[in-house]
Amino acid sequence: MQFRNAMIYTEKFRFEHGAFAVENGRFARVLGQPGPDAVDLHGAYVIPGLLDIHTHGNSGADYSDGNWDDYVRMARYSARNGITSIAPTTLTLPYETLAAAFATAYRMADERPAGCAVVRGAHMEGPFFSEKKKGAQNAAYLREPDFEAFSKLFAAGNGIVRIVDVAPELPGAAEFVRKASKQCTVSIAHTDASYDDAVRAIEAGVTHLTHLYNAMPGIHHRKPGVIPAAVENEQVSAELISDGQHVHPASVRLAFRMFGPARMVLISDSLRCCGMPDGEYELGGQPIEMKGGKATLRGTDTLAGSSSNLLQELQNVVSFGLPLEDAITALTSAPAKAVRLDHEIGSIAVGKKADLLLLTEDLELDSVYIDGNKII
């Protein structure tokens with residue numbers, strides 16, 4: 001397939017007008033002269049497919065449940081909304097529940113049902129967390145870092161886990177990081193860690209922060225905490241929920257200034273209520289309620305996750321005043337690098353998977369392609 005007259009978001013992190021070609025599910029040519037049979041895109045934006053490395057669910061279902069039919073339905077919702085790659089994200093739950101979820105995630109990655117976002121890995125959010133900063137995670141299942149247990153879960157999913165989270169102040173955390181970072185990305189999350197705790201974890205192999213600002217200490221001039229420790233190390237990327245509820249727009253802009261777009265990873269942290277009407281739902285065995293699109297633990301003001309998707313967050317951050325190019329980077333190449341997949345996806349470059357979106361000037365979704373095949 002060949003396309004012409006497109007505004008292509010290239011690997012130079014900017015839009016360039018031109019043509020591109022796809023062969024055997026990969027980009028075969030980017031820019032250059034189009035062939036006579038090239039499809040005219042009439043100046044549409046062409047960007048890489050979005051990658052959500054932190055999503056718990058949508059459409060009334062949760063990835064932690066490990067149900068095949070639910071996985072297919074959730075992955076189809078993602079694809080219809082421009083998310084071409086996903087890392088199903090589990091919760092703080094019993095190990096056997098996590099093992100079943102990872103086994104299903106691996107099956108999805110292996111079988112790749114038609115019309116679905118591709119499962120590129122899994123994100124293990126919990127149970128190695130601080131009780132003080134557990135947020136909406138279920139305290140009944142919190143555990144201290146346990147590499148042996150993690151190794152068994154890693155094996156249960158045939159290596160599908162791409163990110164594992166840990167609170168670095170917990171006993172044994174540094175040793176856990178040293179070992180686990182050889183297998184996947186290790187991220188700091190749900191933590192009350194000091195600056196020194198965070199530095200030790202980063203030196204041991206941490207390269208990521210889960211949902212920046214949320215479930216971690218704020219920045220204090222005498223107690224800097226986790227965030228400055230991460231900012232100072234250019235190997236560390238940071239997730240950010242940009243649903244307009246978890247993080248104020250000014251703090252979104254601040255995060256991009258601190259880390260730069262190449263280290264910012266926009267995530268949905270979406271729950272089963274994503275794509276659903278207001279009402280009562282469930283999260284890791286706990287009741288949640290959604291009102292006006294805001295999901296909280298029932299009867300509290302504790303945010304439980306989001307009801308947004310990445311396409312909405314792209315539109316959000318641009319409305320917050322961020323350059324479109326920075327937002328796209330944080331939704332494509334940055335998350336791909338964070339989970340060690342930037343050699344395959346995340347940018348429009350020769351040889352990479354032809355996962356791409358066509359967007360209008362108003363950032364509305366026109367078409368979705370996965371491996372060069374049109375989904376919508």
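Owing to the predicted nature of the structure, the values given are computational and were not obtained by experimental measurement.
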Legend entry - Gap separating the OG1 atom of Thr97 from the CG atom of Asp65, nearest 0.5 angstrom: 9.0 Å

Legend entry - Test side chain to side chain donor-acceptor pair (under 3.5 Å) applied to Arg29 - qualifying residues, sequence neighbours left out: Gln2

Inset, instruction - Decide yes or no for Pro88 and Val119: does some side-chain heavy atom of the first lie under 4.5 Å from some side-chain heavy atom of the second? - result: yes

Inset, instruction - Determine whether Leu50 and Thr332 make a side-chain contact, defined as any pair of heavy atoms from C-beta on separated by less than 4.5 Å. - result: yes

Legend entry - Contacts of Tyr106 that satisfy side-chain contact (heavy atoms from CB on, under 4.5 Å) - sequence neighbours left out: Asp110, Asn158, Ile160

Inset, instruction - Indicate whether the side chain of His123 and that of Asp165 have a donor and an acceptor atom separated by less than 3.5 Å. - result: yes

Inset, instruction - Using the test side chain to side chain donor-acceptor pair (under 3.5 Å), find all partners of Gln235 that sit at least two apart in sequence or belong to another chain. - result: none

Legend entry - Residues Arg26 and Glu344 bridged, charged N to O under 4.0 Å: yes

Legend entry - Residues that Asn5 engages under side chain to side chain donor-acceptor pair (under 3.5 Å), provided they are two or more places apart: His17, Asp40

Legend entry - Test salt bridge (Lys or Arg N to Asp or Glu O under 4.0 Å) applied to Asp355 - qualifying residues, sequence neighbours left out: Arg120

Legend entry - Nearest-0.5 Å distance that lies between atom OG1 in Thr10 and atom CD1 in Ile348: 8.0 Å

Legend entry - salt bridge (Lys or Arg N to Asp or Glu O under 4.0 Å) partners for Lys134, two or more places apart: Glu131

Inset, instruction - Indicate yes or no for a side-chain donor-acceptor contact from Thr300 to the backbone of Thr302 under 3.5 Å, with no hydrogens or angles considered. - result: yes

Legend entry - Partner set under salt bridge (Lys or Arg N to Asp or Glu O under 4.0 Å) for Arg178, not counting sequence neighbours: Glu175

Legend entry - Non-neighbouring partners of Arg14 that pass side chain to side chain donor-acceptor pair (under 3.5 Å), sequence neighbours left out: none

Inset, instruction - Mind checking the OG1-CZ spacing from Thr89 to Arg162? Nearest 0.5 Å is all I need. - result: 13.5 Å

Inset, instruction - May I ask you to decide whether Arg263 forms a salt bridge with Glu234, counting only side-chain N to carboxylate O separations under 4.0 Å? - result: no

Inset, instruction - Kindly state each residue pair satisfying side chain to side chain donor-acceptor pair (under 3.5 Å) with at least one member in residues 45-62, sequence neighbours excluded. - result: Asp52-Ser268, His54-His56, His54-Glu125, His54-Glu239, His54-Asp269, Thr55-Ser270, His56-Glu125, His56-Asp269, Asp62-Ser64

Inset, instruction - For atom CG of Asp37, decide whether the heavy atoms of other residues, nucleotides or ligands shown that lie under 6.0 angstrom number more than 12. - result: yes

Legend entry - Any Ser130 side-chain heavy atom under 4.5 Å of His190 side chain: no

Inset, instruction - Using the test salt bridge (Lys or Arg N to Asp or Glu O under 4.0 Å), find all partners of Glu280 that sit at least two apart in sequence or belong to another chain. - result: Arg298

Inset, instruction - Return yes when atom NZ of Lys337 has more than 12 non-hydrogen atoms of other residues, nucleotides or ligands closer than 6.0 Å, and no otherwise. - result: no

Legend entry - Pairs where residues 217-231 contributes a residue and the test side chain to side chain donor-acceptor pair (under 3.5 Å) is met, not counting sequence neighbours: none

Legend entry - Inter-residue atom distance Leu341.CG - Leu51.CG, 0.5 Å rounding: 7.5 Å

Legend entry - Sequence neighbours excluded - side chain to side chain donor-acceptor pair (under 3.5 Å) pairs with any residue from residues 366-376: Arg112-Asp371

